[in-house]
Each structure stands twice: as C-alpha cells, then as structure tokens.
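First the proteins, then the strands, lettered A, B, ... as listed; each starts at 1. Heavy atoms only: backbone and side chains are in, while hydrogens, waters and symmetry mates are out. Given the structure is predicted, the values throughout are model-derived calculations rather than measurements.
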Amino acid sequence: MDNNNAFSEKLVTWYEENARDLPWRQTTDPYRIWLSEIILQQTRVIQGLPYYEKFVENFENVSELASADEQTVLRLWQGLGYYSRARNLHKCAKEIDKKFEKNFPKDSKSLIKLPGIGKYTSAAIASFAFKEKVPVIDGNVYRVLARVFGLDADIASGSGQKKFEELAWELIPDKNPDTYNQAIMEFGALHCTPKSPACENCIFRLECSAFQNDRQDALPVKTKKVKVKKRYFNYIVFITDEREMILNKREGADIWAGLYDYPLMETSDFLVLEDLISKSEMVSKLQPYIMSVEVSKDYKHVLTHRHIYARFFTFKLNITTEVKDLLLDENLIFYNEEEVNDLPKPVLVSRYLNDAIF
DNA sequence: AAGTCGGGGTT
DNA sequence: AACCCAGACTT
C-alpha cells in the first residue's frame, strides 16, 4: 500500500510537470470525453486531435450528433481509419439520446454496454467524467506496469490481462484516481515509450525492474500471432550429363541459413499452376507442402558448368506452410556445410532426387 | 483465442 | 518492414 502510494504519487507529480495541454482534459463533459476516447482508440493524439475539434465544432452535444445522418458522420471521420468506430459512435449517440434521455450512464459497468465502448473506454469515461475509481488499462498502462514491476505475463492472453488488471487495481489511489489514470497513460506515451524509452532520466530509474535488469525491450511480453506466410520457392534445378547439380548456399537470417538449396527465385504468388506431377515418390512425399510442381519437359543445353553442358529444368515448390516443416522431413534436399564439403563439386544430386525427378 | 479493421508515425 | 498507437467487435 505504501509502495503503491509512492508509485502513484511519483507518477502524478511527473504528470503535473509534463502533461500535454489537450482539449479533452479541460472538461468533465462526458460527451466530449467519450468523443475523444473513441477517436483516440488505436490512434495517436496528434492524429486524432483535428478530428476531435471537427466533431466538437459540428456537434455541440450528443443529441446533435445523434440527429446527424450517418453519411455526414462518416465524412467527418474520413481519413481516420477504423470506420466501424464512426458507425458505433453514431449508434451510441442515438442510444444515449433516446434510451438515456440525452444523459450518459454514469458508471463504467453501464457504459460498457454501449456500442463502441469496451473495457478501456468505459473505464476512461467513468474515470474522467464521473471520477469513478476504476483503472484504465491501455497499451501505455500495460507497458509501464510491465516494466516498472517486471510483470512478464503475456498481455495477449486473457490470463495475462487479468494479472495486469489486478495490479492496476492495487495501484490506483483513492484520491484523484482520474488524475492518476491520466498520468500513467501520459507517462507511457511520452516517457516510457515502446522503443528507446528515456530511462536515463526516469523517475523510476532506481526501482524499475526492467531498467535494473535491462529488460526494457523485452517488456511487455506480447506473443505475436504466428501468421503463416505463403512463400513460393521456384527452384531451377540444373543437372549435368554426369548427373551433377548446382547448389546454392543460403545466406542471411532467413530459413535454412547456411544450408544449400538450388538456385532459387522466390515469388509471392504463383508462377504457373499446371502440369502437376503427382506420380513421383518425391512429390507425393512433399505433397502436404506443395501446391504445384512443374518440370519442364524439354531439355535445353543452356548452361555450362565447369565446361560441362547442363540440362535445364524448372522445379517449382509452392510452399504454403511454415517452411521449416519441410526441412525436418526433407533434409535430403538441403545439405549442410559438412555434407557439401564431403561431396565432389559440383555436388552430386541425391539418389532420391534422381529417382523422383530425373 | 484469433481475425479484422486503418492511417500514420517510429525505429 | 515491423511494430505500435489512449481497442472493440465478431467468429
């Protein structure tokens, strides 16, 4: 409790010296606070500010907004993105104008039921307009709490969010919780930034867990959703009359770094989807990963390698799953450094590949 | 729990 | 190019 008071007091002191002068901080009008909060969802203050001014100018109160037609609202929102916010804004205004007789509900639990108002926004309106003691938890708060208190729960998971909420409840002061809420968000926005936070002159320099352990970049923990990319590896397999092949050493930080594969042209889309060769053993084994395979049927003597004519094939693998899965099953194709060094140069094609393709 | 919605700044 | 921004909603 004492520590928690120290935390909030330091934060508020910092806030009073460093807060930006923003229009929605000059009022307790729930309409204006609501408007600002909707506009600022996933939106930087700098970007949202002119829109806030526009809306306040066009609609003095929630009833005026409610009686506007949706196209007018959307036109004012134009360029701000996340347009469902605008539609929900309008829907919410109508609801308040009718069901609530032009008055905003005065507590967070009622507010959260309105369209476009979720966990964060309900807390923000209740706090800033009605002085309810409820912590706001946005991206800034997650970051500040994670770093100062070394809370490494995953903010992408429900259980992790719950832990942050518990901590937030412990920290929020009885006295002026609204100012504290403003303070912690402002601190995250201006000082404890996602990248390159100003730790050198930070008020929590001595007690910040992240700074003391040099974990600023690691916190907050947010598991990234592994999105499957479609990568199309279009291989060109050169083979000589002596059944030799050309391999290419993969460099960089990409998949299979340091291993050898065929001369490669990667594209982000199909080159051709026809002549699927599904009979060979290799193709069937690779089938789960392959969307199309094409081998040119005409042998062309187009390349010389060490004075040996080579035959020209194109061999396409269109890989849709995580490419590393392929490596586990098919290390026949991708040689490591040691294997390559043991082989004559150019590297002989594997027996397996011979049977399959040639 | 994962996907979607977006323009824009930062690194 | 990846990440994030005073998130909410749908599936």
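Through direct or indirect side-chain contacts shorter than 4.5 Å among Ile, Leu, Val, Met, Phe, Trp and Tyr, L219(A) is connected to V221(A).
Atom CG in L80(A) sits about 13 Å away from atom P in dG7(C), given to the nearest Å. Separating the NZ atom of K222(A) from the P atom of dA1(B) is a distance of 15 Å, rounded to the nearest angstrom. The distance between atom CG of D217(A) and atom P of dC3(C), rounded to the nearest whole Å, is 13 Å. Remark: C1' of dA6(C) and OH of Y82(A) are 14 Å apart, rounded to the nearest angstrom. The interatomic distance linking I155(A) (CD1) with dC5(C) (P) rounds to 8 Å, in whole Å. Taking atom CD on Q216(A) and atom P on dC3(C), their separation rounds to 19 Å, with Å as the unit.
For F204(A) and F149(A), the gap between ring centers reaches or exceeds 6.0 Å. Remark: aromatic rings of F55(A) and W77(A) are close, center separation under 6.0 Å.
Across dA6(C) and dT11(B), the matching P atoms stand 13 Å from one another, rounded to whole Å. Spacing of P atoms, dG9(B) relative to dA8(C), comes out at 24 Å, to the nearest Å. Annotation: dC3(C) and dG3(B) have their P atoms spaced 15 Å apart (nearest Å). A distance of about 14 Å separates the P atoms of dG6(B) and dT10(C), rounded to the whole Å.
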Show which side-chain atoms of residues 178-186 of chain A pair as donor or acceptor with protein atoms under 3.5 Å away, not counting sequence neighbours.
{"unit_1": "D178(A)", "atom_1": "OD2", "unit_2": "K131(A)", "atom_2": "NZ", "d": "2.7"}
{"unit_1": "N181(A)", "atom_1": "OD1", "unit_2": "V136(A)", "atom_2": "N", "d": "3.3"}
{"unit_1": "N181(A)", "atom_1": "ND2", "unit_2": "S127(A)", "atom_2": "OG", "d": "3.0"}
{"unit_1": "N181(A)", "atom_1": "ND2", "unit_2": "V134(A)", "atom_2": "O", "d": "2.9"}
{"unit_1": "Q182(A)", "atom_1": "OE1", "unit_2": "R25(A)", "atom_2": "NE", "d": "3.4"}
{"unit_1": "E186(A)", "atom_1": "OE1", "unit_2": "R20(A)", "atom_2": "NE", "d": "3.4"}
{"unit_1": "E186(A)", "atom_1": "OE1", "unit_2": "R20(A)", "atom_2": "NH2", "d": "2.7"}
{"unit_1": "E186(A)", "atom_1": "OE1", "unit_2": "R25(A)", "atom_2": "NH2", "d": "2.7"}
{"unit_1": "E186(A)", "atom_1": "OE2", "unit_2": "R20(A)", "atom_2": "N", "d": "2.9"}
{"unit_1": "E186(A)", "atom_1": "OE2", "unit_2": "R20(A)", "atom_2": "NE", "d": "2.9"}
{"unit_1": "E186(A)", "atom_1": "OE2", "unit_2": "R25(A)", "atom_2": "NH1", "d": "3.2"}

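Evaluation of atom-type donor-acceptor distances gives no pair under 3.5 Å for the side chain of Q47(A) against the base of dG8(B).
Take Y15(A) and apply the ring pair (Phe, Tyr, Trp, His ring centres under 6.0 Å) test, not counting sequence neighbours, and it matches no residue. Residues meeting the salt bridge (charged side-chain N to carboxylate O under 4.0 Å, His left out) test with E70(A), sequence neighbours left out: none. Residues passing the side-chain contact (heavy atoms from CB on, under 4.5 Å) test with N201(A) are H191(A), A198(A), sequence neighbours excluded. When the side-chain contact (heavy atoms from CB on, under 4.5 Å) test is applied to P220(A), the partners found at least two apart in sequence or on another chain are R143(A), A146(A), I155(A). Y51(A) meets the ring pair (Phe, Tyr, Trp, His ring centres under 6.0 Å) test with no other residue; sequence neighbours excluded.
A heavy atom lying under 4.0 Å from DNA chain B marks none of the residues of residues 51-78 of chain A. Within residues 123-135 of chain A, no residue has a heavy atom under 4.0 Å from DNA chain B. Residues of residues 21-45 of chain A having a heavy atom closer than 4.0 Å to DNA chain B, listed by number: Q42(A), T43(A), R44(A). For residues 175-193 of chain A, proximity to DNA chain C is found at Q182(A), M185(A), defined as any non-hydrogen atom under 4.0 angstrom from a strand atom.
Heavy-atom minimum distance, T43(A) versus R85(A): OG1-NH1, 3.0 Å. The shortest non-hydrogen separation linking A124(A) to I33(A) is O-CG2, 4.5 Å. The two residues Q212(A) and L206(A) have their closest heavy-atom pair at NE2-O, 3.1 Å. Contact between D97(A) and S63(A) at its shortest, heavy atoms only, is OD1-OG, 2.6 Å. Summarising the geometry of I117(A) relative to S122(A), their closest heavy-atom pair is CG2-N, 3.5 Å, with the distance given to 0.1 Å.
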Could you walk me through whether E132(A) and S108(A) pass the side chain to side chain donor-acceptor pair (under 3.5 Å) test, one step at a time? CA-CA 8 Å; E132(A) 181 177 325; S108(A) 56; 2.6 Å; yes
side-chain contact (heavy atoms from CB on, under 4.5 Å) assessment of K222(A) paired with Y142(A): CA-CA 10 Å; K222(A) 187 178 183 182; Y142(A) 279 127; over 6 Å; no
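Within the 4.0 angstrom heavy-atom criterion, no nucleotide atom of any strand lies near G48(A).
Of the two residues near DNA chain B, K195(A) and G158(A), the one whose nearest nucleotide lies more 5' is G158(A).
Contact between the side-chain N/O atoms of T121(A) and the OP1/OP2 oxygens of dA8(C) is found at a separation under 4.0 Å.
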What's touching nucleotides 9-11 of chain C from the protein side, N or O pairs under 3.5 Å?
{"unit_1": "dC9(C)", "atom_1": "OP1", "unit_2": "G116(A)", "atom_2": "N", "d": "2.3"}

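Remark: the E64(A) side chain and the N58(A) side chain contain no N/O donor-acceptor pair separated by less than 3.5 Å.
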